[in-house]
Amino acid sequence: PDKDAVVRELTSMVIARLSAASDPAEEIRKLNAIRVDQPVGPRLLAVVRILGAYHDRVRAYLEAFEQAGFANDGTASGENPPPLSRNDFRVLDSLPEIRQAVANLLKPDEKRLRLPAEALAEIFLSLSRFCTRAPNEIQPLPAEQVVHLFLRGALTND
């Protein structure tokens, strides 16, 4: 009926698409489908790749959203600000379902672990989030190096 209604409808459509793109259900399914009969390294490498693909997908949608005329500060180029910003998306790695899926991947090796699988899952997710999506001034590490660092530590065998 009017310009405001068009802006509201467009904003609703964009938010619905962004919400669908950021839905972690598929990633949780993929994490739970990782085979535990393989060594722990490949299991954790799969985790980093699954979460990285999720973040790339959400980042691409957010960038498209911004390129469509929405500024970084969350205001639209028109009069009506959209009720959405980058901060509205929770970090996937912080979801309890994600932490539990990673803990389940560590449990087969629990007798060899220094800490409980749940604690190590949280540490691994934090490490992988920082190392693979590091701030601009720090070069991100490849997934293989993140897993190696987590499993073997910072010191060489020297």
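Residues take their numbers from the sequence shown, with the count starting at 1.
Take Ile123 and apply the side chain to side chain contact (heavy atoms under 4.5 Å, CB included) test, not counting sequence neighbours, and it matches Leu115, Leu120, Phe150.
Put simply, the side chain of Arg59 reaches to within 4.5 Å of the side chain of Asp56, judged on heavy atoms. With a 4.5 Å cut-off on side-chain heavy atoms, Ser128 and Val47 do not count as touching.
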Distance-only check: which donor-acceptor pairs under 3.5 Å involve side-chain atoms of residues 28-44, not counting sequence neighbours?
unit_1: Arg29; atom_1: NE; unit_2: Glu26; atom_2: OE1; d: 3.3
unit_1: Arg29; atom_1: NE; unit_2: Glu26; atom_2: OE2; d: 3.3
unit_1: Arg29; atom_1: NH2; unit_2: Glu26; atom_2: OE2; d: 2.6
unit_1: Asn32; atom_1: ND2; unit_2: Ile28; atom_2: O; d: 3.2
unit_1: Arg35; atom_1: NE; unit_2: Asp37; atom_2: OD1; d: 2.9
unit_1: Arg35; atom_1: NH2; unit_2: Asp37; atom_2: OD1; d: 3.2
unit_1: Gln38; atom_1: NE2; unit_2: Arg35; atom_2: O; d: 3.1
unit_1: Arg43; atom_1: NE; unit_2: Gln38; atom_2: O; d: 2.9
unit_1: Arg43; atom_1: NE; unit_2: Pro39; atom_2: O; d: 3.4
unit_1: Arg43; atom_1: NH1; unit_2: Leu105; atom_2: O; d: 2.4
unit_1: Arg43; atom_1: NH1; unit_2: Asp109; atom_2: OD2; d: 3.0
unit_1: Arg43; atom_1: NH2; unit_2: Gln38; atom_2: O; d: 3.0
unit_1: Arg43; atom_1: NH2; unit_2: Asp109; atom_2: OD2; d: 2.6

Under the side-chain contact (heavy atoms from CB on, under 4.5 Å) criterion, do Glu27 and Arg57 qualify, and how do the steps go? CA-CA 12 Å; Glu27 284 69 25; Arg57 184 180 74 234; 2.9 Å; yes

Full working for side-chain contact (heavy atoms from CB on, under 4.5 Å) between Lys107 and Asn104: CA-CA 5 Å; Lys107 284 201 186 276; Asn104 291 343; 4.1 Å; yes

Could you go through Phe124 and Val48, starting from their C-alpha distance and side-chain angles, then the distance that decides it, and tell me whether this counts as side-chain contact (heavy atoms from CB on, under 4.5 Å)? CA-CA 9 Å; Phe124 176 73; Val48 174; 3.5 Å; yes

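Scanning both residues, Ser22 and Val58, for their nearest heavy atoms gives CA-CG2, 3.7 Å. Nearest heavy-atom pair across Ala121 and Ala103 is CB-N, 3.5 Å. Contact detail for Ala117 and Leu106: the closest heavy-atom pair is O-CD1, 3.7 Å.
Rounding to the nearest 0.5 Å gives a distance of 9.0 Å between CZ of Arg99 and OG of Ser126.
With hydrogens and angles disregarded, no donor-acceptor distance shorter than 3.5 Å links the side chain of Tyr54 to the backbone of Pro24.
A salt bridge (Lys or Arg N to Asp or Glu O under 4.0 Å) check over residues 144-154, counting only residues at least two apart or in different chains, returns the pairs Arg49-Glu144.
By the criterion of side-chain heavy atoms lying less than 4.5 angstrom apart, applied directly or through intervening Ile, Leu, Val, Met, Phe, Trp or Tyr residues, Leu149 is grouped together with Leu125 in one hydrophobic cluster.
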